Amino acid sequence: LPISKETISGKTVFFVDTNALASCFDEGIDEEFVKELAKRQPLRAVFRDSGFTTDAVKINVEQIFKLMSPSTEVRTI
C-alpha cells in the first residue's frame, strides 16, 4: 500500500493508503496536534506510548477522537 509522510504541527506523520492508518512516533505530542490529526479522520491512529507530553494528554487522545472522528480506532504502542 502507498505510504506518505507529512508534517502536522511540527510532527512527522505517516499515512498508509491515504487515510487507512495514520502513525506518529515523535515525542512531544500534545492536544493541539491530536486535534489537527483527528480532523483528517483516519480509520486508525497509532502513537508511541512515551511520545505524549503528559499522562493527561494520553488520556484525552481517545476523547478527542471520539468527538472529532468517532470512527477512528486509536492505539498506543
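All values reported here derive from a predicted model rather than from experimental measurement.
The pair Lys11-Glu32 does not count as a salt bridge, with every side-chain nitrogen at least 4.0 angstrom from each carboxylate oxygen.
Ile3 is linked by a side chain to side chain contact (heavy atoms under 4.5 Å, CB included) to Phe14, Val16, counting only residues two or more places apart in sequence or in another chain.
Applying the salt bridge (charged side-chain N to carboxylate O under 4.0 Å, His left out) definition to pairs two or more places apart or across chains, those involving residues 55-74 are Asp49-Lys58, Glu73-Arg75. Within the structure, side chain to side chain donor-acceptor pair (under 3.5 Å) contacts touching residues 12-30 (residues at least two apart or in different chains) are Glu27-Arg48.
When hydrophobic clusters are built by joining Ile, Leu, Val, Met, Phe, Trp and Tyr residues whose side-chain heavy atoms come closer than 4.5 Å, directly or via intermediates, Leu21 is not grouped with Phe15. By the criterion of side-chain heavy atoms lying less than 4.5 angstrom apart, applied directly or through intervening Ile, Leu, Val, Met, Phe, Trp or Tyr residues, Val74 is grouped together with Ile29 in one hydrophobic cluster. Note: the hydrophobic cluster containing Phe33 does not contain Phe25 (ILVMFWY, side chain heavy atoms under 4.5 Å, direct or indirect links). Under the 4.5 Å side-chain contact rule for hydrophobic residues, Ile8 and Phe47 share a cluster. Note on Phe65: it does not cluster hydrophobically with Val46, by side-chain heavy-atom contacts below 4.5 Å among ILVMFWY residues.
A donor-acceptor distance shorter than 3.5 angstrom exists from the side chain of Thr54 to the backbone of Val57, with no hydrogens or angles considered.
Side-chain contact between Arg40 and Met68 is absent, with no heavy atoms from C-beta onward closer than 4.5 Å.
Note that CD of Glu36 and CD of Glu31 are 13.0 Å apart. Values are rounded to the nearest 0.5 Å. Rounding to the nearest 0.5 Å gives a distance of 14.5 Å between OG of Ser69 and NZ of Lys35. To the nearest 0.5 Å, atom SG of residue Cys24 and atom CG of residue Leu37 are 7.5 Å apart.
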